[in-house]
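What follows is a short report on a single structure.
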Amino acid sequence: MAAAARFTVVGGGLAGLMTTIKLAEAGHQVDVLSLVPVKRSHSVCAQGGINGAVNTKGEGDHPDIHVKDTLRGGDFLAEQVSVKGMCHAAPGIIYLLDRMGVTFNRTPEGLLDFRRFGGTLHHRTAFAGATTGQQLLYALDEQVRRYEAEGKVTKYEYWEWLGTVKDEGGRVIGSVAVDLRTMEIRTFPAEAVCLATGGPGIVFGRSTNSIINTGTAAGRAYMEGAIYANGEFIQVHPTSIPGEDKLRLMSESVRGEGGRVWVPRKKGDPRGPRDIPESERWYFLEEKYPKYKNLVPRDVATREIFMVCRDLGMGIGGRDGVYLDVTHIPAKTLDAKIKGVMEIYEKFVGDDPRVTPMVIFPGMHYSMGGLYVRFEADSRTQTPLEGSPVNQSTNIPGLYATGEADYAFHGANRLGANSLLSCIYSGMIGGPAMAAFAKSQSTSAAAMPEKYFQDAKRYWEDRFATIKKMNGAENPYALARELGDIMTENCTVVRYNDRLKKTVEKIRELKSRWKNVNVLDTGNVANRALSYTNQLWNMLELGEVIATSALLRDESRGAHYKPEFSLPEPKTKDPREDADWMALWRKRHEKWAKTTIAKHSEQGPQISYEEIPTPVLEPEPRWYA
Amino acid sequence: MDTAQASAVTNKTVTFRIWRQDDPNKPGHFDEFKVPYTKGANVISCLMEIQRNPVTVEGKRVPPVIWDAACLEEVCGSCAMNINGRVRMACSALVDKLEQPITLEPMSKFPVVRDLAVDRERMFNALKRVKGWIPVDGTHNLGPGPRQSPKDQSVMYVLSTCITCGSCLEACPQVTLDNDFVGAAAISQARLFNMNPTGKMQSEERVRGLMGPGGIQDCGKAQNCVKVCPKEIPLTTSIAVMNREVTKVMIKDIFFKDEEQKSHGGPG
Ligand SMILES: Cc1cc2nc3c(=O)[nH]c(=O)nc-3n(C[C@H](O)[C@H](O)[C@H](O)COP(=O)(O)OP(=O)(O)OC[C@H]3O[C@@H](n4cnc5c(N)ncnc54)[C@H](O)[C@@H]3O)c2cc1C
Ligand code: SF4
Ligand code: FES
């Protein structure tokens, strides 16, 4: 086939834009589809920063230590080859972003500044104030705009990807999408399609995610045969501001810059935080984790806060909430380094966090799980082989996934500031892989019989016409809230099998109630309720995958915590010295250190487990005390 | 307080008057809704409540209101609209601080898509016009970029927090639905890229992008933009800086044209 081919990238967050840049740079034509103008994608919300072991602070940091922190942080469920590739590419990625004009914070010498984040002892996180995601997204958006001005990229903003077009052999040869303004449905032929569609936060109703993060595309791909992996691994961020519409994140960088977490030592202490003297404050993270202190990995911090409030009843005023305190840090430092988050707190709560300690509680934040993708290892380096068509490919030929939508990089728990990195890195290897795939095919998608495209288009026109006629009793937005409530209640910090069973049953009930939805809007322009009703089905499918995967994994690992199946505390400080405990650990490890594989069926998700090769690092107990 | 009032407090509601327009070419009207009051509610959380129960005060079932929003923390730039006659971000407009009924109308300087959603394409086109990017050689690893002082970084950082919300265009008397004035946001972006050590190399191209019809000279110096910008970007300073750069290029064009042409002639 011809050297310059046409591709579709779905999603204009960091992952989608980097995938696009790589394809356009190689001379290809790219159609970028996005629910919103790409500059408004969820990546814009990321606050804290992006990791890379650049070692400018004389701490002896190295990409190999970054690899180790990441694999350990993910409790050895991450795909090792891709993690190694990512950590070694990280310094170069940060330099590239610097060259693209990202306004990273600087040291007095004019070098890039780095801050500390959770799960590591090194200053490894480059940052641009407390709006790093915004600055990174804008840099990539600007590069894509440049390609757009040169005619290599065509953006389809306010377009929603609905599903694939496949040939009879099952290869993806294009997509079907709907224009969210005119409601026109059309097909996009492509040599390969990449889903860079982000995470499924809204399946949990309220989360730290943007409200467009319904996970609809991943849910649909799953229904079309793509494997969804590690769905049960949902990161609940330790520090967010509870809200009716959203849980607004207070970035880990707040603790990275010295923020301290505490509650009054006296249960239900009625005094205001500033009236409680130092000696009557319980800095429970610092006490329990003297080495990492407030910067233990997220799952650990989240559970501690959760237990302090729910099990011990020591939350502020007896309720859900602990203090996150930065009042000991000069306001000037705060403004130079984390002004963005300070302002969010001030705007939405009304208190100035520079003066009054913030009140925070854990909130659903990120999905480690996602679409299953593969990598081809370079046998010398055990990193993804450059230019291999296998990298970032799903099990459906021609369908790729990058960014939060893929499952690979973070295992059972993601380290802070590793996601922006995995998004960009997956795009950097995903784009070339798509081009290599196209080259390896004997027939070009563009030359495929028109029938495939017509059939796919007709399917979606019929489905939308059917939904548009739905005039039952259920409000789709209210159904979504029910889904979110039960997912948050039973599928976040602490999990019990009886409640997970009820959750799966409830989702099945919601699925049958979906059939009785009222679409609310019969308009022909910008009919959001119509598109949302379709999305809601995909959300229910994903919810079912997440809850079922959680139900079946009878252990505690990273963000997935089941007290009924947790290992006991080891008797020695270093668990490796406790032989009995190590035997238990090994047994658990052999049984459960596997990737959860979910395949769609009419009866619900079919779950199996896949061995994880460990060419980079032998698993060991994960321990932070 | 008598009991009736007491129950009015516990069943407190918030009243909204919302502009409805099914189609950009059709006339619009207001619908009135009452939403249960919750502490800390903002305009978007109330619009979400209306989605779950789209019934007007008259008891009429209507389609849910169409609006744009994504991040709900004032960083994506989606949700700018006129709230009680003033342009601002709906997600950070706390109900407690607004007078009722709360009137919501779409921005008037952009074509309406439906209800409160508008088309801000002109802003993205303006970014193309000013070449708002750093033309990197490629995405391969070329090592770090040039060093920058923390002081320059802090100025550039603020400029680069523009969320393309359109508030500055909405407030600007020079911007109309059918003209093509680039507006304050794009002018300020040109300044940002011209400050960058690499971006400087194309500064003249960007300055030229600000000249000609719809360019910076259309600015009437009303200074409304800087008052409404939710990110407190020093827009009037940016406009002044870029005005000076435009003047420099104009002077150069007048006085040095001949010599430039001579020197660019290359070896004979
Ligand atoms: C508040 C917050 C703070 C964070 N801070 C950090 C941090 O400091 N460091 C870090 O490393 N990570 C952070 N993260 C995580 C990180 O921001 C995300 O994981 C990452 O940005 C995801 O990028 P993405 O490109 O995969 O997806 P997104 O940025 O979510 O983009 C998804 C894209 O897909 C499009 N899309 C989705 N579905 C469809 C469809 N059906 N049709 C068409 N288009 C579609 C959307 O329009 C969008 O363009 C944070 C997350 C949150 C919530
Ligand atoms: S300059 Fe300010 S008002 Fe104008 S688009 Fe940017 S953020 Fe909005
Ligand atoms: S929703 Fe993003 S700025 Fe308001």
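To find a chain, count down the sequence lines: A is the first, B the second, and so on, and within it residues start at 1.
In this structure, the portion of B:N53 lying under 4.5 Å from any heavy atom of chain A is its backbone and not its side chain. Of the atoms belonging to A:N518, it is side-chain heavy atoms, and not backbone ones, that fall under 4.5 Å from chain B. For A:T522, no part lies under 4.5 angstrom from a heavy atom of chain B. For chain B, the nearby part of A:F104 is the backbone; its heavy atoms alone come within less than 4.5 Å. With a 4.5 angstrom heavy-atom cutoff, A:L520 touches chain B via backbone and side-chain atoms both. Residue contact with chain B, scored on non-hydrogen atoms closer than 4.5 Å, involves the side chain of A:K22 exclusively.
Using a 4.0 Å cut-off between a side-chain N of Lys or Arg and a carboxylate O of Asp or Glu, B:D152 and A:R106 do not qualify as a salt bridge. Look at A:D98 and B:R147 and you find no salt bridge, because none of the NZ, NE, NH1 or NH2 atoms lies under 4.0 Å from a carboxylate O.
We find the CD1-CG distance between A:I94 and B:N141 to be 11.0 Å, quoted to the nearest 0.5 Å.
A:R40 places a side-chain N or O within donor-acceptor distance of the main-chain N or O of B:I163, the cut-off being under 3.5 Å.
The minimum heavy-atom distance between B:S92 and A:K347, with the atom names listed, is CB-CD, 4.3 Å. Contact between B:Y157 and A:T131 at its shortest, heavy atoms only, is OH-OG1, 2.6 Å.
Residues B:T161 and A:Q134 bring no donor and acceptor atom of their side chains to less than 3.5 Å of each other.
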